[in-house]
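See structure below.
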Number of protein chains: 2
Amino acid sequence: MSTGPKQALYGEFALVARALGSPHRLEMLEHLAQGERSVEALAERAGLGIANASQHLQQLKRAGLVGSRREGKYVRYRLADDSVLDVMAALSEVASHNLAEVALIRQGYFDVRDELEPVSRDELRHRMRDGVVTVLDVRPQDEFEAGHVPGAINIPLKDLENRIAELSPEQEIVAYCRGPWCVLSFEAVAELRARGFTVRRLQDGLPEWRAAGLPVAHA
Amino acid sequence: MSTGPKQALYGEFALVARALGSPHRLEMLEHLAQGERSVEALAERAGLGIANASQHLQQLKRAGLVGSRREGKYVRYRLADDSVLDVMAALSEVASHNLAEVALIRQGYFDVRDELEPVSRDELRHRMRDGVVTVLDVRPQDEFEAGHVPGAINIPLKDLENRIAELSPEQEIVAYCRGPWCVLSFEAVAELRARGFTVRRLQDGLPEWRAAGLPVAHA
DNA sequence: GTTACATTCAATAAATCTCTTGAATCATTA
DNA sequence: TAATGATTCAAGAGATTTATTGAATGTAAC
């Protein structure tokens, strides 16, 4: 009595959820959201062995979360489609609302609660049109070059301290990075605030900006 | 070198996803989306032992997906908040887009592809206002009484064959049930179509209707 | 208080998942 | 053709998850 279509659907959905249920795989997905990546690149980012990373990727593939194509010696993996971004964002929402640990981690960057509030994509577009905001992309340079918010300047987080002179203290700054989970922008905001800048985070990151149909500049 | 805030966040998100990664737990969540339920009721629905169901529920609780309160001898579990509905819907989206098995199961109910297209909540509201549609709730009676789309009539799927005379063959019917995964409405649509009715499914189910801020009628 | 009942806890075996290792495959380059 | 490099396959040890069982806890009814 167990295997009607209902049970079959539950089984398929559970397969997808289980594929999302590993920190390493989530980290790989977040990087894949920035663009195509080889197995080797993903393995290095996630701190995994090549064979291990390959197995994780195949699990993601079986769950329909990623696709791959061979390009010469390399196999390039990519996110299956934008609905994967949606499920990642939904996961982040649930965890942020209902897990005290997540709220604590996020708040750990700031003294004042209000500073956590992100800027919406719409609001940022209006401010950009009025020219009253500096958009700061704190991702590594290669990710910036593969696509970024038009008009944004790129200072990777680890260079921020050295290159802080490039930022004008008079204009409000909006920082963004990879997506709703990416802590780079949290750290950037915390550091810049400590130096007296007016900074906020953009809601989510570049992948969601692109998925919302907004323009993306390429270097 | 492994436990920065980034890794901690991945770990929390993975905890949530793992909790979603079991067919039994997903089935319990779908029932909890209809309203509060005791451990016993959930165990019976999912075909589990009491102790086993209790453990699954505690796993959901640790992941922040459900809450509970004691009411006399019973412990009533409930969905933590509406963001849980979002993540369930997002899971359904990914699976439907990217897993051939899911598409096959869904299409298994129909001959013609177009009949799969659901009616959006907005479209249904307009048709209801014009009085040109019968809204059919195919969930069991107790779930209907706990809350339903105003004006809907309740014929549980298993009674549909006997009570088919209650439906007017002239008016279009829109059927709904528990949510994006619920196959009751699929089966109802298939059966009614076979008998010459004009039927479509509502997008998602009652929990999503309520979460969208639309009115809900009680008993 | 004692009894009955719903739920949780604790302990265990079976199943599944993860990571490592070394060999196999597939496409490029010499 | 041989050699190299990227990825996948296959097998096994270790850790985690699941379902079962029986005992413990907490609440309501007698």
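Below, chain A is the first sequence line, B the second, and so on; all start at residue 1. These numbers come from the heavy atoms of this one structure, side chains and all, not from hydrogens, waters or symmetry mates. Being a predicted model, the structure only gives us computed values, none of them experimental.
For the pair B/Arg121 and B/Glu208, the salt-bridge criterion is not met [side-chain N within less than 4.0 Å of a carboxylate O]. B/Glu36 has a carboxylate O that lies under 4.0 Å from a charged side-chain N of B/Arg69, or vice versa, which qualifies the two as a salt bridge.
A/Ala146 meets the side-chain contact (heavy atoms from CB on, under 4.5 Å) test with no other residue; sequence neighbours excluded. By the side-chain hydrogen bond (donor to acceptor under 3.5 Å, both in side chains) test, B/Arg163 is found to be paired with B/Glu166, residues two or more places apart in sequence or in another chain being considered.
B/Arg139 and B/Gln34 are linked by a side-chain donor-acceptor pair at a separation below 3.5 angstrom, with hydrogens and angles left out of the test. A donor-acceptor pair shorter than 3.5 Å cannot be found between the side chains of A/Gln59 and A/Gln55.
Taking every heavy atom of both residues into account, B/Gly147 and B/Leu206 meet most closely at O-CD2, 3.1 Å. Smallest separation of non-hydrogen atoms from B/Asp204 and B/Tyr176: O-CB, 4.4 Å.
A/His148 is not listed as a side-chain neighbour of A/His218, based on a closest heavy-atom distance of 4.5 Å or more. Contact annotation: the side chain of B/Leu136 approaches that of B/Ile155 to within less than 4.5 Å [non-hydrogen atoms, C-beta and beyond].
Both tests pass for A/Arg76 against the ring of A/Tyr74: distance under 6.0 Å to the centre and angle within 45° of the axis. Cation-pi geometry between B/Arg201 and B/Phe186 is satisfied (NZ or CZ under 6.0 Å from the ring centre, within 45° of the ring normal).
Contacts between residues 52-69 of chain B and DNA chain C, defined by a heavy-atom separation below 4.0 Å, involve B/Ser54, B/Gln55, B/Gln58, listed by number. Within a heavy-atom distance below 4.0 Å of DNA chain C, the residues of residues 15-33 of chain A found are A/Arg18, A/His24, A/Arg25.
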Inset, instruction - Evaluate the criterion side chain to side chain contact (heavy atoms under 4.5 Å, CB included) for residue pair B/Val189 and B/Arg200; output intermediate values, then yes/no. - result: CA-CA 6 Å; B/Val189 169; B/Arg200 285 199 289 165; over 6 Å; no
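Think of the region where chain A sits on DNA chain D: with heavy atoms and a 4.0 Å cut, that region ends 5' and 3' at D/dG5 to D/dA11.
Phosphate contact (OP1/OP2 of C/dT8, side-chain N/O of B/Tyr77, threshold under 4.0 Å): present.
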Inset, instruction - Could you encode protein contacts along nucleotides 24-30 of chain C as a string, one character per nucleotide from 5' to 3', using B for base contact, S for sugar-phosphate-only contact and - for no contact, with a heavy-atom cut-off of under 4.0 Å? - result: ---SS--
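Between A/Leu48 atom CG and C/dT20 atom P the separation is 8 Å, expressed in whole Å.
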